[in-house]
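Bear in mind the structure is a predicted one, so any value in this text is a computation, not a measurement. Proteins get letters first, then strands, A, B, ... in listed order; numbering begins at 1 in each.
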Amino acid sequence: MAHLTVSNISKSFAGLPVLVDQSLEVREGEFVALLGPSGCGKSTLLQIINGLVSADSGRVVLDGKDITGRTGSGRGMVFQGSDLFPWRTALENVAFGLEVMGVSKAERTRRAMHYLHMVGLDGAADKWPHQLSGGMQQRVGIARAFCIQPSLLLMDEPFGALDVQTRDILQDELVRIWEAERKMVLFVTHGIEEALYLADRILVFSKRPAHVLKEITVPFERPRREDMKLAPEFLELRREISDLLRHDIKA
Amino acid sequence: MRTRSLAVNALGILIVLALWQVAGMRLGEALVATPVQAAVSLVATLREGAFWPALWSMLWQMLIGYAAALLVGIPLGIAMGRSNLVLAIVKPWASLFIVVSAAAIVPLFIILMGRGVLFCTSIVFVATVWYVVLTMTEAARGVSPRLLDVARAFDASGFQRFRMVILPALYPYVLIAARIGLVHALRAMVTAEMFISAGFGGLLNDAGLDLSTAPLFALIVMLMLISISATGVLRWIGHRSAPWYRSQTGG
Ligand SMILES: Nc1ncnc2c1ncn2[C@@H]1O[C@H](COP(=O)(O)OP(=O)(O)O)[C@@H](O)[C@H]1O
Ligand SMILES: [Mg+2]
């Protein structure tokens, strides 16, 4: 049974506390959004879970295994700027994780093609990243994370650098892909609408040092549709979260 | 776009040649031979028995020293860029040696190793290696930490990060270092040969004694052509083999 337990994480940078005693859980097949003002410590928390940053204290347990301070094993990461390797074609970028694992070339090409297809980029397999638009680059970034079939997907403001139209399209794509291959997702964002549209559950964080102001279970059915963003219930929740964050910033 | 920049280049060359012609006609052949006189002299030089062996002996000795400089300089530069310890040990020496021109060390090297192949290749090596080292050091320090983090997130080992991120990121810079090194190697080789009056440098010495400056200009033009075509070939190889790099720098 897939499960993520993060317990009592604390982290300071040069005496500046960013996270104090933070805990969270993600259940099998659950999409959790981490929402909070920029600079509050969301990325730091995600990178601690990912193993890229070491925590001062606390534990990260994935599927029963203590993975505190270690990278790899079961986690896939989508980065904000997509951060593709410019010297690798789209296909080779998607296959990167498998190459690290030592999967044979034929096998990793086959699997990478599958995920490129899933993000709608069949035709772009041999293109260099610089030949792709920002939206296409991020699709490759998503395919790269899915390709290692992680049990937990970590996404740090993956659509933050995209224009609004492209972002809306990619949100829908992500929901579609995720519904086909449901895994645990931790999705960092500072967009309230984005969090409501994508997540099953939202953890609303305070300003730094980040702590959870409120945990919201998103009541909307899946599959989600664009027009949902105009429903009164959606707007109501959106306003509530917005007030919560504004109040915290002023406090 | 490309044809246009070629046309502009050609125009620039024509203007310089015209100015040179005017200057030559005013100052006389003993001071400044005209391009027409230089061209006539160039044809005569190319027909002379002494020219081709001199050119050949210069080129192969230079290539040995140059190849040695690349072989030592590239790994050393990468090591300096990636390890603060190596940087701290080597950098002071590199900064010291790089300011010493080939001409300054020639007398010492003649005393140490005579006037043979060892002398010429050593001069070339010493005059070239530090430019290669410092170019590669800067390049290696500039390897994107974000991309290294991506590799780490996919659980790439230290060696895998070196092979799959650092080396490909540095590949275009190897060709740039080769280009910079080549210019210095050629220059050092000619300097060395002029001191011992051998090979191409010897021809330059002899031409300097001539009443007309035309043969001297002919040899200098020849040297420029060699340098320009060799660096051009290296640049072409770079653009062909790393198309993603050119797009990044807009070069
Ligand atoms: N490597 C670091 N060194 C020093 N300070 C850092 C480092 N990483 C993050 N911080 C600081 O920690 C705080 C939280 O950063 P971050 O987790 O990136 O916030 P968020 O992702 O929520 O915008 C910020 O004030 C940032 O300046
Ligand atoms: Mg962030």
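Of all heavy-atom pairs between B:Ala153 and A:Met77, the closest is CB-CB, 4.4 Å. The two residues A:Phe96 and B:Met164 have their closest heavy-atom pair at CE1-CE, 3.6 Å. When all heavy atoms are compared, the tightest approach of B:Arg152 to A:Leu52 is NH2-O, 2.9 Å. The nearest pair of heavy atoms linking A:Val100 to B:Asp155 is CG1-O, 3.6 Å. Shortest non-hydrogen contact noted between B:Leu147 and A:Leu84 is CD2-O, 3.6 Å.
Around NE2 of A:His117, the count of heavy atoms belonging to other residues, nucleotides or ligands within 6.0 Å does not exceed 12. Within 6.0 Å of the NE2 atom in A:His190, the count of heavy atoms belonging to other residues, nucleotides or ligands does not exceed 12. More than 12 heavy-atom neighbours from other residues, nucleotides or ligands sit within 6.0 angstrom of CZ on A:Arg176. Heavy atoms of other residues, nucleotides or ligands lying less than 6.0 angstrom from CG of A:Asp122 number more than 12. Applying the 6.0 Å contact sphere to CZ of A:Arg201 captures more than 12 heavy atoms from other residues, nucleotides or ligands. A 6.0 Å sphere centred on CE of A:Met101 holds more than 12 heavy atoms belonging to other residues, nucleotides or ligands. Dense packing is recorded around CZ of A:Arg182, with more than 12 heavy atoms of other residues, nucleotides or ligands lying under 6.0 Å away.
With A:Trp87 as reference, B:Pro168 is the one residue of B:Pro243, B:Pro172, B:Pro168 to meet the side-chain contact (heavy atoms from CB on, under 4.5 Å) rule.
For chain B, the option among A:Arg70, A:Gln47, A:Gln131, A:Glu99 with the highest count of heavy-atom pairs below 4.5 Å is A:Glu99.
Within the 4.5 angstrom heavy-atom criterion, only side-chain atoms of A:Asn50, from C-beta onward, approach chain B. For A:Leu154, no part sits under 4.5 Å from any heavy atom of chain B, backbone or side chain. For chain B, the nearby part of A:Trp128 is the side chain; its heavy atoms alone come within less than 4.5 Å.
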